[in-house]
Visitor: 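Supplied in structure tokens, the structure appears directly below.
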Amino acid sequence: MSKISLAKPYFDHEELEEIRTVLDSGWVSQGPKVKEFEEKIASYLGVKYAIAVTNCTAALHLALLSIGIKKGDEVLVADFTFPATGHSVLYCGARPVFVDVKLDTYNIDTELIEEKITNRTKAIIPVHAFGQPADMDEIIKISKDHNLKVIEDAACALGAKYNDKNAGTIGDIGCFSFHARKGITTGEGGMAVTNDKNLAEKMRHLSVFGMTSAWVREKSDEFVVPRFTEAGYNYKMSDITAAVGVAQMRKLDKIIERKKELAKYWNEKLNEIEYIESPYVDNNVKHVYQSYVSLVDKGINRNKIIESLMKKDVQTQIGTYASHIQPVYNSPDKCSNSFEIFERSLALPMYFMLREEDIDMVAKHLKTALEQLK
Ligand SMILES: Cc1ncc(COP(=O)(O)O)c(C=O)c1O
């Protein structure tokens with residue numbers, strides 16, 4: 001019996017050819033391939049600026065710095081997320097204030113946002129959980145009423161839509177991840193996108209040590225010695241990484257379409273199984289299923305299900321984390337839905353090459369495990 005993984009990247013000869021071109025060119029650190037990748041992302045999303053960085057955590061950090069987040073500020077963060085979101089706030093010396101999520105979509109509960117706003121609150125970070133956009137109309141309305149910036153954590157949501165808008169392009173800045181488990185991957189990688197020239201320039205500047213970037217210097221006929229005006233970071237993506245990204249972008253829509261078919265198939269299977277719910281999808285969004293995250297019934301030990309499937313060579317995982325309970329944040333926030341999803345969520349195998357017969361096999365083992373553990 002072959003092992004079924006939770007996720008698997010989809011590569012072919014195109015990635016190798018793109019990497020070969022970069023290696024042959026001799027320019028392997030940040031250069032023309034990064035620019036090409038940024039242009040591809042910007043044009044796909046219909047945004048003016050895209051800044052490629054080392055990962056989405058770096059993109060979130062730069063996004064927060066560019067809007068001026070500093071010590072003493074508070075930033076509202078959707079609680080149910082990978083802790084990179086909260087960490088990026090800590091990097092700025094600010095405090096993440098966690099807002100609970102909805103049990104159905106796993107996304108920030110917009111009805112709970114206003115009660116968390118204080119005179120120190122400067123921004124909101126909604127997270128598009130597993131590729132399903134958060135309720136952006138309401139978030140934008142609240143942000144306007146309270147003069148807050150909105151940074152979308154779109155790590156999992158490249159290609160997702162909220163009504164007819166691309167996830168990541170609705171707030172002030174959107175941050176994407178190209179980690180191995182994301183829709184498309186470069187191994188590690190990230191991108192910040194915005195339509196605001198000032199924010200874009202600030203993020204670019206901070207991503208390259210706070211110095212004038214190589215491209216800006218290249219546009220000049222003069223020999224320009226760079227100057228360092230801020231203690232920026234080395235968050236540059238390399239051209240080798242971008243080469244993989246350029247090839248992956250050609251596959252993005254195909255991957256999303258196939259995952260939507262597989263999610264439909266998973267939904268049908270889970271409907272036939274007791275003690276587990278398929279993921280709920282709002283009707284005004286396009287969900288891209290970075291992960292397919294179900295909920296086991298209350299009282300069922302989700303970790304035991306993961307162990308039981310592992311014994312059948314099937315890899316599954318928790319959904320993601322309840323941030324407020326992580327010791328690093330020492331948070332007074334209470335987010336009971338997030339905690340419940342943290343305990344009940346089960347991510348099932350979902351990737352482009354997964355076959356319907358794989359799902360049949362996993363569903364059979366899952367049914368047995370649930371019946372034994374109910
Ligand atoms: C919601 C969310 N935000 C941020 C990140 C961080 O992304 P990266 O690993 O590219 O830094 C992740 C990655 O798992 C994520 O799922």
Side-chain angles (χ1 to χ4, degrees), residues 6-7 9 34 37-38 41 50-65 75-92 96 98-99 101-102 105-108 123-134 136 139 150-160 162 167-168 171 173-193 203 207 233-238 241-242 244-245 248 279 287-293 317-324 326 328-329 335 338 341-342 345 347 350-351:
L6 177 66
V34 166
F37 186 32
E38 290 177 342
I41 293 277
I51 295 107
V53 287
T54 42
N55 51 58
C56 182
T57 313
L60 288 164
H61 184 198
L62 294 183
L64 290 166
L65 290 174
V75 176
L76 305 187
V77 173
D79 191 70
F80 188 60
T81 182
F82 188 77
T85 322
H87 278 29
S88 65
V89 178
L90 293 185
Y91 298 164
C92 302
F98 297 107
V99 182
V101 297
K102 292 192 291 183
T105 59
Y106 317 146
N107 276 325
I108 193 164
I124 313 179
I125 312 184
V127 177
H128 303 312
F130 311 121
Q132 164 153 241
M136 290 308 294
I139 292 164
V150 177
I151 309 290
E152 294 175 67
D153 183 337
C156 305
L158 185 61
Y162 176 80
I173 300 173
C175 299
F176 295 92
S177 172
F178 306 112
H179 175 262
R181 262 188 73 190
K182 301 302 187 276
I184 58 165
T185 182
T186 58
E188 297 279 358
M191 189 82 68
V193 305
M203 289 192 284
S207 74
Y233 303 84
N234 182 0
Y235 281 170
K236 299 189 304 295
M237 180 181 277
S238 80
T241 303
V244 180
Q248 286 274 284
H287 191 328
V288 290
Y289 296 100
Q290 174 263 339
S291 296
Y292 181 89
V293 180
Q317 233 326 339
I318 65 167
T320 191
Y321 298 85
S323 300
H324 70 288
Q326 304 308 323
V328 59
Y329 302 120
C335 302
S338 174
I341 304 164
F342 169 61
S345 54
M350 171 56 80
Y351 50 90

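Atoms within a ligand are numbered from 1 in the order they appear, just like the ligands themselves.
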Visitor: Below 4.0 Å from ligand 1: does a non-hydrogen atom of His128 turn up there or not?
Guide: no

Visitor: Considering Ser177, Ala58, Ala157 one by one, which has a heavy atom nearer to atom 10 (O) of ligand 1 than any of the others?
Guide: Ser177

Visitor: Without swapping roles, check the side chain of Glu152 against the backbone of Ala167 for a donor-acceptor pair under 3.5 Å.
Guide: no

Visitor: Closer than 4.0 angstrom: is that true for some heavy atom of Cys175 and an atom of ligand 1?
Guide: no

Visitor: Would you mind listing which atoms of ligand 1 come within a distance below 4.0 Å of any non-hydrogen atom of Ala84?
Guide: 4 (C), 5 (C), 6 (C)

Visitor: For ligand 1, note which part of Arg181 has a heavy atom under 4.0 Å away: side chain, backbone, both or neither.
Guide: neither

Visitor: With a 4.0 Å heavy-atom cut-off (strictly under), which part of Val127 contacts ligand 1: side chain, backbone, both or neither?
Guide: side chain

Visitor: What protein heavy atom is closest to atom 1 (C) of ligand 1, reported as residue, atom name and distance in Å?
Guide: Thr81 OG1, 3.4 Å

Visitor: Return the residue, atom name and 0.1 Å-rounded distance of the protein heavy atom closest to atom 13 (C) of ligand 1.
Guide: Lys182 NZ, 3.1 Å

Visitor: Give a yes or no answer on whether the side chain of Ser88 reaches the backbone of Thr85 with a donor-acceptor pair at less than 3.5 Å.
Guide: yes

Visitor: Determine yes or no for a side-chain-to-main-chain donor-acceptor pair under 3.5 angstrom, with Asn107 supplying the side chain and Gln132 the backbone.
Guide: yes

Visitor: Counting both backbone and side chain atoms, is some N or O of Thr57 under 3.5 Å from an N or O of ligand 1?
Guide: yes

Visitor: Can you confirm whether Phe342 is buried at CZ, in the sense that more than 12 heavy atoms of other residues, nucleotides or ligands lie under 6.0 Å from that atom?
Guide: yes

Visitor: Is the Phe178 to Phe37 ring centre distance short of 6.0 Å?
Guide: yes

Visitor: Of the side chain and backbone of Thr320, name the one, both, or neither that has a heavy atom under 4.0 Å from an atom of ligand 1.
Guide: neither

Visitor: Which bit of Asp153 gets closer than 4.0 Å to ligand 1, counting heavy atoms only: side chain, backbone, both or neither?
Guide: side chain

Visitor: Classify the contact between Cys156 and ligand 1 as side chain, backbone, both or neither, using a heavy-atom distance cut-off of under 4.0 Å.
Guide: side chain

Visitor: Would you say the side chains of Glu188 and His179 form a donor-acceptor pair under 3.5 Å?
Guide: no

Visitor: List ligand 1 atoms under 4.0 Å from Thr85, heavy atoms only on the residue side.
Guide: 3 (N)

Visitor: Are the aromatic rings of Tyr292 and Phe130 close, with centres under 6.0 Å apart?
Guide: no

Visitor: With a cut-off of 4.0 Å, which atoms of ligand 1 are near a heavy atom of Gly189?
Guide: 10 (O)

Visitor: Which residue from Ala155, Ala180, Cys56 reaches closest to atom 12 (C) of ligand 1 through any of its heavy atoms?
Guide: Ala155

Visitor: Do His61 and Tyr235 have a side chain donor and acceptor closer than 3.5 Å?
Guide: yes

Visitor: Quick check: does any side chain N or O of Glu38 sit under 3.5 Å from a backbone N or O of Ala52, one acting as donor and the other as acceptor?
Guide: yes

Visitor: Please report whether the ring centroid of Phe82 lies less than 6.0 Å from that of His87.
Guide: no

